[in-house]
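Any value given below was found using the heavy atoms of this structure, including those in side chains, with hydrogens, waters and symmetry copies removed.
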Amino acid sequence: MIGARFISIQIPGFITAGVLMGVAGIFTVIVWPKEKSSKDMPPVKKGFGDILASFRPPVKGARDFWLAFVGRSLLLFSYYMILNYQLYILENYIGQGKEAAAATISVMSVITMIVGLIGSIGSGAISDWIGRRKLPVIVASILLAVGYFLPWIMKSASSMMLFVRFCRSWLRCLRRSRSGAKRRCSAV
């Protein structure tokens, strides 16, 4: 939202972004919880090869893992492809000027923040309430596809706002539904 305001004066925007990232890094170090020292713990006898083996993905009997991995990767890739090129989509495809595109991106950022908060709070509860994990993921995927098609069909700034409204809430639902399934599985 702040970056969209620097669309016509980019050097101060880059400086502001660098300063804000530096302040965020310092703030994170200050508030990060301190970990206890591990010097009283018994030493681990495993070597570097065991550490590398822990990063190896499952190979046998992991069909569901690979289906979920590929599906989620493609969904996230498609969402961020549109989101990363939203300025160019607004300028070149929809036909807005630079300042109008920046204003639209600012509004889209606010919509993303609000919908993301609502989706984070509600989606896990809905998944737990109905007691199912796959159904919310299927519904979220279908509605995500609707969000992808809106800018293509309507070709307006409002369609891009509907895109972030649809996609952001349902991406949250996908994440929360899967994390709810992990919580329930680990509790069993």
Side-chain angles (χ1 to χ4, degrees), residues 1-10 12-14 16-18 20-21 24 64-184:
M1 187 166 68
I2 295 170
R5 298 293 173 204
F6 291 103
I7 197 154
S8 58
I9 48 170
Q10 294 173 356
F14 284 120
T16 303
L20 289 176
M21 282 187 240
D64 285 345
F65 169 81
W66 287 108
L67 286 173
F69 177 78
V70 170
R72 183 180 173 110
S73 297
L74 291 174
L75 278 172
L76 290 175
F77 179 74
S78 60
Y79 173 72
Y80 284 108
M81 179 70 83
I82 295 171
L83 201 65
N84 288 336
Y85 290 104
Q86 65 188 347
L87 174 65
Y88 306 111
I89 292 170
L90 288 168
E91 285 182 347
N92 299 331
Y93 179 69
I94 294 177
Q96 288 189 324
K98 214 172 236 190
E99 284 75 24
T104 302
I105 290 172
S106 292
V107 173
M108 288 170 63
S109 299
V110 172
I111 292 170
T112 299
M113 179 184 66
I114 293 169
V115 170
L117 288 172
I118 293 169
S120 293
I121 293 168
S123 59
I126 291 170
S127 181
D128 289 341
W129 179 64
I130 65 172
R132 298 183 69 187
R133 304 294 174 243
K134 287 186 180 179
L135 180 64
V137 171
I138 291 168
V139 170
S141 299
I142 291 168
L143 291 173
L144 202 62
V146 170
Y148 291 155
F149 281 109
L150 287 174
W152 184 47
I153 294 169
M154 294 172 61
K155 199 174 180 179
S156 68
S158 60
S159 68
M160 286 296 286
M161 291 178 204
L162 287 171
F163 157 74
V164 293
R165 193 257 174 253
F166 264 88
C167 293
R168 194 66 187 163
S169 63
W170 293 107
L171 277 174
R172 288 281 185 200
C173 182
L174 287 170
R175 288 185 190 133
R176 297 287 288 185
S177 293
R178 288 184 181 132
S179 66
K182 289 178 190 171
R183 274 197 320 264
R184 191 174 301 277

- Item | Criterion ring pair (Phe, Tyr, Trp, His ring centres under 6.0 Å) against Y79, the qualifying member of Y148, Y85, F163 | F163

Enumerate, atom names and distances included, each donor-acceptor pair closer than 3.5 Å involving a side-chain atom of residues 95-104, sequence neighbours excluded.
from: Q96; atom 1: OE1; to: T104; atom 2: OG1; distance (Å): 3.1
from: Q96; atom 1: NE2; to: T104; atom 2: OG1; distance (Å): 3.2
from: T104; atom 1: OG1; to: A100; atom 2: O; distance (Å): 2.9

With rounding to the nearest 0.5 Å, note down the distance linking [atom1] in [X] to [atom2] in [Y].
X    : Y    : atom1 : atom2 : value
M161 : L150 : CE    : CG    : 13.0 Å
I82  : F77  : CD1   : CZ    : 10.5 Å
M108 : M160 : CE    : CE    : 4.0 Å
S106 : I111 : OG    : CD1   : 11.0 Å
M81  : L76  : CE    : CG    : 12.5 Å

- Item | Partner set under side chain to side chain contact (heavy atoms under 4.5 Å, CB included) for Y93, not counting sequence neighbours | I89, W152, K155

- Item | Over all atoms of both residues, closest heavy-atom pair of S159 and P151 | OG-CA, 3.3 Å

- Message: Counting only heavy atoms from other residues, nucleotides and ligands, does the tally under 6.0 Å from CZ of F65 exceed 12?
- Response: yes

